[in-house]
Amino acid sequence: MSQSVCILGATGSIGQSTLKILAQHSQEYSVFAVTAQSRLAELVEICKQYRPRFAVVPSSKVDELRQLLVAEQLADIEILADEAGLIAVASHSDVDVVMAAIVGAAGLLPTLAAVKAGKRVLLANKEALVMSGDIMMQAALDHHATLLPVDSEHNAIFQCLPQNYFQAERNGQPKLGVSNILLTASGGPFLNHSLEQLHSVTPAQACKHPNWSMGQKISVDSATLMNKGLELIEACHLFSIEEHFVTVVVHPQSIIHSMVQYVDGSTLAQMGNPDMCTPIAHALAWPERIQTHVPALNVFTHSQLNFVEPDTTRFPALQLARQAMKVGGTTPAILNAANEIAVDAFLKQKIGFMQIPAIVEQTLNQLAHQAANNLDVILQADAEARAIAQQLVTNKGS
């Protein structure tokens, strides 16, 4: 019997890779619902090929999508709108698997809805855990949801951990012989840039990642190393481990996706070509394995692998994220919100590259953190941080 899949963020790079795998295994999986923010032409093509039951778009796009679907004789596809539509398809009783691939804070509530509905959730949206890690992980326990990481680094860590790791007590300490997690980072496109050079880089340069094909926002985050900071926070929640047990390692080749160290001196690494289809397929079929188009790693052509410590002087975002995790409460949500505003401003050429972490730091300094014991407090902190960061962008641009 095939499993029914809902793809939140179907037109993005993760959504496209997911659809590629589903097409390869059409007997085992069917597409139940797809969502998109603005790329309606791509969404219609997806609907033509996969014939989902639902499509979700912003309310401002509903009429346009309906006309496009009617023109393609796809009027039977039901259109839902906005956050309510996302939540409805993510928690629908007919859905088995939810790919949570909406970028940014917008993915929080639909992802949480899927978790509370007890789904198998393939987590590609790291911001949802950054903002509400304790709430999300507790909801997964309470509602017996299966939360599987799709980020290549977290998926690698998941594969290297002991099988019964997640049955052990969630107390922030390494367990079952684990001593440390090594979270790898490519270093992004500006790994060897000087501080002076970083002040003048452009959005086009920042979006040109050397190893991975990604959307604009995550590409900029990779360039500032904020992406690795968000992943550090995500790792702490996913694997119930305090931040000082997570070491970030710059590995420019992106062949080793992350490592786990053990008390006996062992270090287990997960390796592979840098293609998101591999971790998506792993999470989709776990605990089984399914075939992908990704070729096996040729170790002879990758005979040299380099590892260096990250430079937090040139890339201060990583240290800001580590400190936010250490402080806890609403601080990671504030960090994430300010970063989203700053990255958007950089992409629109309103601020410079090095002003991104500066605006994040100023927002953190201006907004006091609180205990993140409910969603309303987190969402309020998110809104306040966005307002402060937006004002800082305005002041920088004036």
Taking the side chain as everything from C-beta on, heavy atoms only, tell me whether [X] gets closer than 4.5 Å to [Y].
X    : Y    : value
R314 : M354 : no
I255 : H251 : yes
K217 : N339 : yes
I341 : V343 : no
D82  : P58  : yes
Q355 : L392 : no
E340 : E127 : yes
T278 : N273 : no

- Item | From Q270 atom CD to Q159 atom CD, the distance as rounded to the nearest 0.5 Å | 4.5 Å
- With a 4.0 Å cut-off, would you call E153 and K228 a salt bridge? yes
- Salt bridge present between D94 and R53 (N-O < 4.0 angstrom): yes
Could you tabulate the donor-acceptor pairs under 3.5 Å formed by side-chain atoms of residues 33-46, not counting sequence neighbours?
unit_1, atom_1, unit_2, atom_2, d
T35, OG1, G9, N, 2.8
R39, NH1, T11, O, 2.8
E45, OE2, K48, NZ, 3.4

- Message: If hydrophobic clusters are built by linking Ile, Leu, Val, Met, Phe, Trp and Tyr wherever their side-chain heavy atoms come under 4.5 Å apart, do L176 and I157 end up in the same one?
- Response: yes
- Look at the side-chain heavy atoms of Ile, Leu, Val, Met, Phe, Trp and Tyr, link any pair under 4.5 Å apart, and say whether L148 and V260 land in one connected group. yes
- Task: Indicate, with yes or no, if the rings of Y50 and Y29 have centres closer together than 6.0 Å.
- Result: no
- Query: So, N227 versus K126: side-chain donor-acceptor pair below 3.5 Å or not?
  - Reply: yes
- Consider only side-chain N and O atoms of N395 and Q391, and report whether a donor and an acceptor are under 3.5 Å apart. yes
In residues 60-80, what donor-acceptor pairs under 3.5 Å come from side-chain atoms, sequence neighbours left out?
none

For residues 364-375, tabulate all N or O donor-acceptor pairs below 3.5 Å that involve a side-chain atom, not counting sequence neighbours.
unit_1, atom_1, unit_2, atom_2, d
N365, ND2, E361, O, 3.3
N374, OD1, D376, N, 3.0
N374, OD1, V377, N, 3.0

- Message: Going by ring-ring contact (aromatic ring centres under 6.0 Å, His included), name the residues that satisfy it together with F190, two or more places apart in sequence or in a different chain.
- Response: H193, F353
- ring-ring contact (aromatic ring centres under 6.0 Å, His included) against F54, all qualifying residues, sequence neighbours excluded: F32, H92
- Intermediate values then yes/no, side chain to side chain donor-acceptor pair (under 3.5 Å), Q3 and E28: CA-CA 6 Å; Q3 293 191 65; E28 290 83 24; over 6 Å; no
- Message: Applying side chain to side chain contact (heavy atoms under 4.5 Å, CB included), can you list everything that pairs with C277, at least two apart in sequence or on another chain?
- Response: S17, K20, I21, D275, H293, V294
- Would you please test V248 and L318 for side-chain contact (heavy atoms from CB on, under 4.5 Å) and show each step? CA-CA 9 Å; V248 174; L318 181 57; 4.0 Å; yes
